[in-house]
Amino acid sequence: MKDLKGLYSALLIPFDENGEVKEEGLRQVIEHNINVSKIDGLYVNGSSGENFLLNTAQKKQIFKFVKEVVGDRVKLIAQIGSLDLNEAVELAKYATELGYDSLSAVTPFYYPLSFNEIKHYYKTIIDATDNSMILYYIPFLTGVKISLDQFAELLEDEKVIGVKYTAADFYQLERFRKRFPNKLIWSGFDEMLVQAAITGVDGAIGSTYNVNGQRSQEIFRLAKEGKVAEAYELQHEANDVIEKVLELGLYQTLKEILKVKGIDAGTCKKPMKSFDPAKLAEVEKLVKDYNL
């Protein structure tokens with residue numbers, strides 16, 4: 001199994017006013033992640049990439065462009081989950097052919113599917129590609145909850161190498177870590193990175209790492225080394241940033257932070273609103289105060 005441990009930016013995607021991908025802007029975002037944020041990899045076409053607002057052609061465009069720009073410089077995980085299983089399989093095959101290091105798929109949402117239906121969804125994707133799979137568990141958005149015993153069933157497949165765990169249930173996370181010591185766990189909540197690191201996760205995947213990667217890497221390193229008080233001091237700073245970003249609008253503000261730094265991060269895809277220019281001074285202050 002490839003070494004996929006570490007911190008991954010859930011890659012932001014710049015769009016123009018018509019909802020088309022701004023490839024040159026995307027190139028700048030990628031380079032910033034690699035050269036400035038110092039991330040270990042990119043999680044492509046996840047929630048932070050506004051994936052569920054995109055058509056299949058746009059998703060493929062992003063997968064292809066990111067791989068062309070990155071090459072083998074950092075690790076790449078392709079989030080291919082979709083309510084349309086045929087699309088998920090198509091994207092999984094495409095990303096595998098491009099050379100992505102692993103697939104990931106969100107649990108199917110909206111419809112109240114049974115666990116057996118969810119299990120069939122993952123098995124279908126894996127069987128079609130023979131690539132590794134990272135479960136994307138985000139119950140507060142999907143409404144899908146998975147028990148430890150159900151995780152155990154999914155993880156019986158050796159191709160299922162771990163989970164992106166975006167949940168605040170740290171008791172379940174601790175139980176997961178103890179029960180599945182040979183599987184990988186990536187924390188999905190940027191604001192709880194210290195707690196997740198202490199619990200024993202192998203890495204993290206988050207949207208704010210696009211702009212706050214170096215501080216986040218230091219938080220993770222210190223927590224893993226047992227320097228918890230020092231890690232918490234940096235987590236306090238990171239959470240100050242996160243709190244302000246959430247107040248102003250998550251994806252809009254992260255893109256605006258990148259713009260302040262000279263990167264063409266574009267706008268969000270409709271129906272998401274654009275950033276309120278009247279709030280620009282607050283973003284500039286955030287960048288300056290926290291050295292983003």
Can you name the closest pair of heavy atoms from Phe180 and Leu148 and give their distance?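 That would be CZ-O, 3.8 Å.
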Which atom of Ile13 lies closest to which atom of Lys255, heavy atoms considered: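 Scanning both residues completely, I find the closest heavy atoms to be O-NZ, 2.7 Å.
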How far apart are the C-alpha atoms of Asp264 and Arg27, what are their side-chain angles, what is the distance that settles it, and do they pass the salt bridge (charged side-chain N to carboxylate O under 4.0 Å, His left out) test? CA-CA 9 Å; Asp264 182 8; Arg27 183 190 304 277; over 6 Å; no
Hey, is [atom1] on [X] packed in by over 12 heavy atoms from elsewhere, all under 6.0 Å?
| X | atom1 | result |
| --- | --- | --- |
| Lys60 | NZ | yes |
| Asn35 | CG | yes |
| Lys178 | NZ | no |
| Lys93 | NZ | no |
| Glu23 | CD | yes |

For the pair [X] (side chain) and [Y] (backbone), establish whether a donor and an acceptor sit closer than 3.5 Å, ignoring hydrogens and angles.
| X | Y | result |
| --- | --- | --- |
| Gln79 | Ser47 | no |
| Gln252 | Ser274 | no |
| Thr199 | Glu174 | no |
| Glu282 | Lys279 | no |
| Lys38 | Gln217 | no |
| Ser102 | Ser132 | yes |

Can you tell whether the side chains of [X] and [Y] come within less than 4.0 Å, N to carboxylate O?
| X | Y | value |
| --- | --- | --- |
| Glu218 | Arg215 | no |
| Lys67 | Asp72 | yes |
| Glu31 | Arg73 | yes |

Side chains of [X] and [Y]: is there a donor and an acceptor less than 3.5 Å apart?
| X | Y | answer |
| --- | --- | --- |
| Asn212 | Glu237 | no |
| Gln235 | Gln195 | no |
| Tyr136 | Thr142 | no |

Measure the acute angle between the ring planes of Phe176 and Tyr165, then classify it against the limits of 30° and 60° as parallel, tilted or perpendicular.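 Phe176 and Tyr165: tilted rings.
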Among Ile34, Ile30, Ile39, exactly one meets side-chain contact (heavy atoms from CB on, under 4.5 Å) together with Ser9. Which residue is that?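 Exactly one pass, corresponding to Ile39.
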Start with the C-alpha gap between Asp127 and Lys159, add the side-chain angles, then the distance that decides, and say whether salt bridge (charged side-chain N to carboxylate O under 4.0 Å, His left out) holds. CA-CA 9 Å; Asp127 288 350; Lys159 292 292 183 181; over 6 Å; no
Measuring only between side-chain heavy atoms, which start at C-beta, is Tyr290 closer than 4.5 Å to Lys244?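 Heavy-atom side-chain distance check fails, nothing below 4.5 Å.
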